[in-house]
Amino acid sequence: MNARKLLLNNIVSSRKIPPAYYINVHMILKKVKAFSLILLAIGCYFLPASSMFIKPDKDDGLALTPPMGWNSWNIFQADINQAKIKETADAMVSSGMRDAGYNYLVIDDGWMAEQRTSDGQLCGDPQKFPLGMKSLGDYIHSKGLKFGLYECRGYLTCQKLPGSYYHEEQDMKTFAFWGVDYVKLDGCYAERNKRPSDVDLSIYSEAIKKSGRPMVLSISDFGNGSWAWGAKDFTHLWRTSYDIRPNMESIFYCANTSGGNGVIDSAFNGLWQFAGPGHWNDPDMLEVGNLTSVIQDKLHFSLWCMLAAPLMAGNDLREMPDSIRNILTAKEVIAVDQDPRGFQGYKVFDNGKQQVYNKPLSAGTTAVLLLNMDKENADVTVHWDQIGLHGSQKVRDLWKETDLGYFNNFFVAKNLPQYGHLLIKVGTPGGKMIAGPQPVPVEKYTVTRDGTTWLSDIYYLMKQGDAPVKDKNFKGKEISIAGIQYKKGLSCQTSSRIMYSLNGKADRFQAVVGIDDAYRGDATAQFKVYNGDYFGGQVLFDSGKLGKDSAMKVDVDVKEVKYILLTVDGKNVEADWADAKVIAK
Ligand code: GAL
């Protein structure tokens with residue numbers, strides 16, 4: 001344990017210190033204690049006694065285009081301090097990043113002292129941020145930048161520092177006083193709050209309004225379905241995936257969650273329909289500059305711009321080479337991301353090796369990304385009818401900022417190497433806006449009718465793991481538990497989560513759960529039904545561990561329940577929610 005930890009324990013906690021250790025350091029501690037208390041006071045600053053109440057209303061005009069800035073996590077993790085942040089603020093200005101639109105400087109986890117003060121106040125870590133957070137915020141503002149700060153809605157942050165649970169209003173007031181403009185709110189330990197995310201986050205959006213200072217609210221829920229239950233009513237951006245890492249596998253995984261795969265029912269073709277001005281899908285912060293080649297960095301950036309993703313740089317701006325600066329500040333590429341129409345790009349082609357994305361823009365043109373993931377060089381083609389156009393169309397290369405000419409019916413990006421791509425703008429500005437795909441109508445993914453709704457007949461809102469196969473088992477045969485066969489139901493393999501919207505319209509959820517008879521192993525499966533999402537932590541049903549040949553009936557009250565989460569825990573097991581249905585009167 002270092003002296004600082006001992007010191008903090010000495011001041012604010014009752015944890016026991018080994019006597020020998022204490023004798024060795026206690027003289028030093030006595031001296032630094034007084035000094036440290038002064039630092040803590042500066043770190044916390046004095047807070048205003050009261051604040052103005054503002055009527056709840058999410059239409060706050062914030063984040064009308066995806067937020068842009070820099071965040072400390074991807075490059076520094078918790079190893080941050082005042083000097084690094086100030087130098088980064090300076091670099092944001094001198095590199096041209098600020099003028100290219102990156103205006104939020106967000107300090108991620110690791111900024112705070114290990115303990116709150118005796119009156120529950122959050123403080124900056126006095127060693128890392130000796131002048132305190134207000135002073136740092138003032139510095140950031142003096143550079144023409146905006147100040148972002150991390151917190152967590154659990155009782156601890158992911159780095160086990162004080163979380164905001166139970167201190168929501170107090171913390172948002174503190175943030176407002178420090179001049180915070182952007183809150184990154186994480187979800188570690190939040191399942192212990194026993195509040196579904198919509199309940200939890202409405203508390204924060206109210207607390208921010210009460211603080212009197214407009215702040216963008218960016219949430220991290222690791223892709224647990226915020227898009228589906230209506231996060232846009234409370235937040236400006238929500239994560240669609242687990243944490244990004246600096247490798248291409250992770251880049252494609254994050255892009256796919258927003259751009260189209262099976263995270264939600266494949267019928268949605270990605271989450272595009274939940275994004276728009278003021279509310280964005282967030283495939284996580286940028287790793288541009290942290291990947292192994294410029295070709296990778298460039299593709300990552302193009303993908304994020306097509307997805308109307310928040311552009312939070314995550315590299316060390318203090319030593320950024322020109323090759324990376326040129327990517328991050330590419331004007332015509334950023335303009336795709338920042339297009340005021342706010343239409344998120346979606347996939348129009350994906351054969352597992354090559355992909356084409358389309359993003360209709362406000363000027364009546366559309367941006368198209370053609371990319372090759374395969375090791376072999378390849379041509380990638382877009383046909384105008386895939387993107388709502390026909391005939392002869394003007395094409396512009398947005399990286400080269402050059403017109404390529406007019407092309408009839410289709411365009412081919414030739415001989416692309418692995419991770420090579422072209423980002424083009426198609427069409428002539430000033431025309432009619434190009435329509436995107438039709439949003440999925442609500443009756444397809446939620447309960448809208450009286451009587452019985454089989455869950456396998458509606459789309460799920462989110463899934464994690466190998467789930468579900470509808471009305472069949474994983475071997476493509478009829479669902480069968482303990483010798484009884486079922487025509488309807490959901491079949492899952494190994495651990496899985498599936499979320500459905502009930503829209504408060506159902507009275508009961510019923511199913512028969514058990515291991516499918518086709519399964520030959522001896523693993524067990526545990527079935528749970530949650531009210532709301534995983535963070536709600538409210539378990540409506542728990543089967544305990546079920547072995548083969550045992551079936552259990554589920555019949556739970558779901559009145560007023562907006563969305564349910566069905567989870568299966570087991571290893572390589574094949575488990576069924578046979579006859580899964582909701583009944584409404
Ligand atoms: C994760 C989050 C990361 C970063 C980290 C800090 O949960 O997804 O972006 O904020 O916590 O501990």
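The basis for the numbers below is simple: all heavy atoms, side chains too, and nothing from hydrogens, waters or symmetry mates. One-based numbering, in listed order, for ligands and for the atoms of each. Index from 1, following the sequence.
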Using a threshold of 4.0 angstrom between heavy atoms of the protein and any atom of ligand 1, which residues qualify? W73, D108, D109, Y150, C158, Q159, K184, D186, S220, F222, R239, D243, M285
Candidate pair C158 and C188, rule disulfide bond (SG atoms under 2.5 Å apart), full reasoning: CA-CA 5 Å; C158 302; C188 283; 2.0 Å; yes
With sequence neighbours excluded, residues passing side chain to side chain donor-acceptor pair (under 3.5 Å) with Y189: K160
Any salt bridge (charged side-chain N to carboxylate O under 4.0 Å, His left out) involving residues 267-289? Give me the pairs, sequence neighbours left out, ordered by first then second residue. R239-D284
Without placing hydrogens or testing angles, list every side-chain donor-acceptor pair under 3.5 Å for residues 196-204, not counting sequence neighbours.
residue	atom	partner	partner atom	Å
S197	OG	R153	NH2	3.1
S197	OG	D533	OD2	2.4
D198	OD1	Y563	OH	3.3
D198	OD2	K562	NZ	2.8
D200	OD1	R195	NE	2.6
D200	OD1	R195	NH2	2.6
D200	OD2	R153	NH1	3.0
D200	OD2	N193	ND2	3.1
S202	OG	D198	O	3.3
S202	OG	V199	O	2.8

Rounded to the nearest 0.5 Å, how far does CG of N531 lie from CZ of F541? 15.5 Å
W111 and W178 aromatic ring geometry - parallel, tilted or perpendicular at 30°/60° bounds: perpendicular
